[in-house]
Structure formats: C-alpha cells, structure tokens
Amino acid sequence: MKTKNTPNIKSESIQKASRLYRRLGTTTVIAVYLLVLAGGIVRSTGSGMGCPDWPKCFGSWVPPTEVSQLPSHYKEDYAQKRKAKNERLSHYLDKLGFHQLGEKIRGDFGGVKEVDFNPTKTWIEYVNRLLGAVVGFLIFLTLLSSIRLIQSDRIVFYVSLLTFVLVGVQGWLGSVVVSTNLLPGTITTHMLLAIAIILLLIYSLTRSYQGIRKENTLVANRPLLNRLIGAAILLSITQVLLGTQVREAVDQAIRLLGYEGRAHWISSLGTAFYIHRSFSLLVFGIHAYLLIQLRKQLPQKSILATYTNALFGGVLLEVLTGVAMAYWSIPAFLQPAHLFLAFVIVGIQFVILLVLNKEAFLLNQTSGNASSARAQALI
C-alpha cells in the first residue's frame, strides 16, 4: 500500500533528475559552441589535414611534435591508406546509387595528396578532436541523465537519443572529411549536422526548464513574429552554407596564390563571395524588422527581451566581422569568430521561437505522460 508521501518522493526524484539534466545540458551546449569555434580555427589556419588519419593522429593518440618522429616515407604510406579507404567509401556509395559522387572520390581531385608535416597545424587539429571527444562524452552523459525523465517527459529522452545518434554520424562524417581531403560536399553536410545537433540540444534543454521559469509570452501578433523568426532562421542557415562555399573558394585561392597573395584573395573568389555578400543584406534586413517587432510586442523586463538584445548584438557583430574580412583580406583571426557568431545567432533565434510558442513546442506531453500525471494525482 502506497503512503501519502509517495507522490512527494517521486516529485523530488524528478526534480533532482531535471536539475542534473539541465546542468549537463547547459555544459554540453557550451562545449558544442566551443567545438564550433575550434572548428573555425582549424579551417582558418588550414589545419584540417594536420592529422592525415582518424581517429588517431599519425597513428598515435598523442601526435608527434617534429618530423623526425615520423617514418621517412610517411606521406606515401598515409596516401595509400587513405586511397584504400576512399575506394571502400566509393564502393558503398555505388551500392547506394551515388555513382557520380563515388567517381569523384575515386578520381584525381587531390584526395590522396599528403601535405607536409606541420606541428602547429597537427596540434590545432588534435585539440579540435580532443574537444570533439569531450563533446561526445558529454552528450552521452546527457542521454543517460535523460533516462530518469522518461516518466515525466519522454520527449526529452527521445531528443537526447536522436542527438547522440547524430553525434555518432557526425564523427563518422569527420573521418570521411579527412579521408577525402576536405571534399566540399562533406564539409557542407558536416556543417548542417552541427547546426542540427545544436538545435536539438537547445530544444531539449529549453524544454527541461518548463515549470521552472515562468515567462509571459502574450504578444499582440504572434503569427507575424513566428513568420519573421522562421524566415530569419532559414536565411541564417542558408547564409552559413553559402559561407562554406566562400571558404572553399578561399582554399582554392590559397592553393593558387599562396598566403603571400592574400591581398588578391577576394578578387579571385568569384560569384560565391558576391552571392554571400549580397545575401547578407537580406539577412540583415529581416533581422532588423524582426528586432523592431520583438521590441514593440515584448515586455521590456523579460527573458525574451534579453534574448532579443543578445540577438541584436550578435547580428551587429556578425555584420562588422563580415565587413572587416572583406576589406582586410580575410584575416585568419576573424574567420572563426564570424562562423561562431553565426551559430550563436541561430541558437538565440531558436530559443526565442521556442519560448514564444512554449504551449505548442514545449508543453505538449504525450498521452502516456498525461495518464501518469493523472494517476499520481489520484494516489
């Protein structure tokens, strides 16, 4: 026979589990954003091939610090290994019907060309991989902590499980990026998956705060705000993907002109750069109108108003870093900041969308959870 204290014990247990999940979720989101910043540094410094193999680096869990620690024919050895791996990948792609992509990987597009050993680039890439391993471990811990929330909100568990699966796919795709020597299509997919993982983490974390933070989301014209935020998210993600195309064009400019020809990089980027630059005007315009509407309709002293101010600051900094890169010949230190800000902007937009529509996106419990709640109420 159940005692009167049973519901309180269950409630306290759920609250403890929720607090643990929120702590882990917050730490994981921060770590993922740091990983995005680290990835930007890898790209801006040209360190993507600093480790020619994966998950190890030059066959070791701790990479070398000087070329004398490597075999004399290390480039040929790793070229052969990556060529064999690309052949297997191409074979799988053929079976799945992606014959053109398989042929591209098999072809001579630089996929088996090894770069000279550079200890700085090797360790930049290695630190990026270490941070990636930490993120994977944190997401696994987040998944484990979500198991205790199945009875109170099973959607948090399902989203955490999906996030964990996508991280595994992201890790495998990272190995493909290395194996194919930064094949353009894989980089874009890598970026999309990173965005998806961040949004899933933000969703489950925001959902876990329901009932903890009370927020007045009564606005005069919510449909308009929803359309504006949805458009802003879509345009921002599109702009990020356009930015990857520009970065690939920059890689090509570096191969042709070298770092000593930095002053001529912009003029050699072609249409990708001009589309990205022109598209930024549309992105800025939709954000300006969105920010005006949010400030008009939201209470000034609210968490949503705080997010709105953060979004405004992020967009402004993003524009300034973009302008600075265009006029200062794409300085390396601004590239990761520009990418990092883009991810932060998308994250803030998504939080605003969730909180503004918490009744639709965050409070909908499954029928099983609702039945469980009613059963506890009757005890």
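FYI, side chains are in, hydrogens and waters are out, and symmetry mates aren't considered; it's all heavy atoms of this structure. What you are looking at is a predicted structure, and each value in this text was computed from that prediction instead of being measured.
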Determine whether Leu290 and Thr308 satisfy the following criterion, side-chain contact (heavy atoms from CB on, under 4.5 Å), listing intermediate values before the conclusion. CA-CA 9 Å; Leu290 169 62; Thr308 299; over 6 Å; no

Give the C-alpha distance, both sets of side-chain angles, the deciding distance and a yes or no for side-chain contact (heavy atoms from CB on, under 4.5 Å) between Thr45 and Gln335. CA-CA 9 Å; Thr45 57; Gln335 294 175 49; over 6 Å; no

Yes or no on side-chain contact (heavy atoms from CB on, under 4.5 Å) for Val36 and Ile198, after CA distance, side-chain angles and deciding distance? CA-CA 10 Å; Val36 169; Ile198 285 178; 4.0 Å; yes

Kindly indicate, with the supporting measurements, whether the criterion side-chain contact (heavy atoms from CB on, under 4.5 Å) is fulfilled by Val250 and Arg247. CA-CA 5 Å; Val250 171; Arg247 178 60 223 189; 4.0 Å; yes

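No path of Ile, Leu, Val, Met, Phe, Trp and Tyr side chains, each step under 4.5 Å between heavy atoms, connects Val323 with Leu317, placing them in separate hydrophobic clusters. Grouping the Ile, Leu, Val, Met, Phe, Trp and Tyr side chains by contacts below 4.5 angstrom, directly or via other members, places Tyr126 apart from Val67. Linking Ile, Leu, Val, Met, Phe, Trp and Tyr residues whenever their side-chain heavy atoms come within less than 4.5 Å places Leu34 and Val240 in a single cluster. The cluster map of Ile, Leu, Val, Met, Phe, Trp and Tyr, joined by side-chain heavy atoms under 4.5 Å apart, puts Val134 and Ile124 in different clusters. Under a hydrophobic clustering in which Ile, Leu, Val, Met, Phe, Trp and Tyr are joined whenever their side-chain heavy atoms come within less than 4.5 Å, directly or via other members, Tyr274 and Phe284 fall into the same cluster.
Taking the side chain as every heavy atom from C-beta outward, Phe350 and Leu354 approach each other to under 4.5 Å. Proximity of Leu256 to Ser268: side-chain heavy atoms (C-beta onward) are nowhere separated by under 4.5 Å. Within the 4.5 Å cutoff, the side chain of Arg43 has heavy atoms near those of the Glu248 side chain. With a 4.5 Å cut-off on side-chain heavy atoms, Asn221 and Pro223 count as touching. Residues Leu294 and Leu228 fail the side-chain proximity criterion, which asks for heavy atoms closer than 4.5 Å. Here the side chains of Tyr259 and Trp265 are in contact, with some heavy-atom distance below 4.5 Å. His91 is not listed as a side-chain neighbour of Arg88, based on a closest heavy-atom distance of 4.5 Å or more. Side-chain contact between Val135 and Ile197 is absent, with no heavy-atom pair separated by less than 4.5 Å.
To the nearest 0.5 Å, atom CD of residue Gln170 and atom CG of residue Leu166 are 8.5 Å apart. If you take CZ on Arg23 and OG1 on Thr142, they are separated by 13.0 Å, rounding to the nearest 0.5 Å. Between the CG atom of Leu235 and the CD atom of Gln349 there is a distance of 9.0 Å, given to the nearest 0.5 Å. Atom CG of Leu144 and atom CG of Leu20 lie 10.0 Å apart (nearest 0.5 Å). Atoms CG and CZ, from Leu24 and Arg19 in turn, are 13.5 Å apart once rounded to the nearest 0.5 Å. The distance from the CD atom of Gln151 to the OG atom of Ser13 is 8.5 Å, given to the nearest 0.5 Å.
For Arg222 and Gln297, the side-chain atoms include no donor-acceptor pair closer than 3.5 Å. In the model, Tyr21 has a side-chain atom that pairs as donor or acceptor with a side-chain atom of Ser160 under 3.5 Å. Side-chain atoms of Arg207 and Tyr203 form a donor-acceptor pair, as typed in the model, at a separation below 3.5 Å. In summary, the side chains of Ser208 and Ser18 do not present any donor paired with an acceptor at a separation below 3.5 Å, with no hydrogens or angles considered. Side-chain contact of Ser280 with Gln239: a donor-acceptor pair under 3.5 Å is absent, judged by distance alone.
When the options Val159, Leu161, Leu138 are evaluated for a side chain to side chain contact (heavy atoms under 4.5 Å, CB included) with Leu143, the one that passes is Leu161. Paired with Phe343 under the rule side chain to side chain contact (heavy atoms under 4.5 Å, CB included), one option of Leu339, Val346, Leu341 passes, and it is Leu339.
Summarising the local packing, CZ of Phe312 is surrounded by 12 or fewer heavy atoms from other residues, nucleotides or ligands at distances under 6.0 Å. Under a cut-off of 6.0 angstrom, the local environment of CZ in Phe140 is sparse, with at most 12 non-hydrogen atoms contributed by other residues, nucleotides or ligands.
Below 30°, between 30° and 60°, or above 60°: for Tyr74 and Phe117 the angle between ring planes is above 60°, a perpendicular geometry. Between His276 and His338, the ring planes lie perpendicular to each other; the angle is over 60°, past the 30° to 60° tilted range.
Judged by distance alone, the side chain of Ser60 and the main-chain N or O of Lys56 form no donor-acceptor pair under 3.5 Å.
With salt bridges taken as basic N to acidic carboxylate O contacts below 4.0 Å, none links Glu125 and Lys121.
The shortest heavy-atom contact between Thr122 and Cys57 is CG2-SG, 3.6 Å. Across all their heavy atoms, Ile345 and Ser236 have their closest contact at CG2-OG, 4.3 Å. Between Asn128 and Gly39 the shortest heavy-atom distance is OD1-N, 3.6 Å. A pairwise comparison of heavy atoms in Arg262 and Ile330 identifies NH1-O, 2.6 Å as the closest pair. Of all non-hydrogen atoms in Asp53 and Arg129, the two that sit nearest each other are O-NH1, 2.7 Å. Between Ile41 and Pro336 the shortest heavy-atom distance is N-CB, 3.6 Å.
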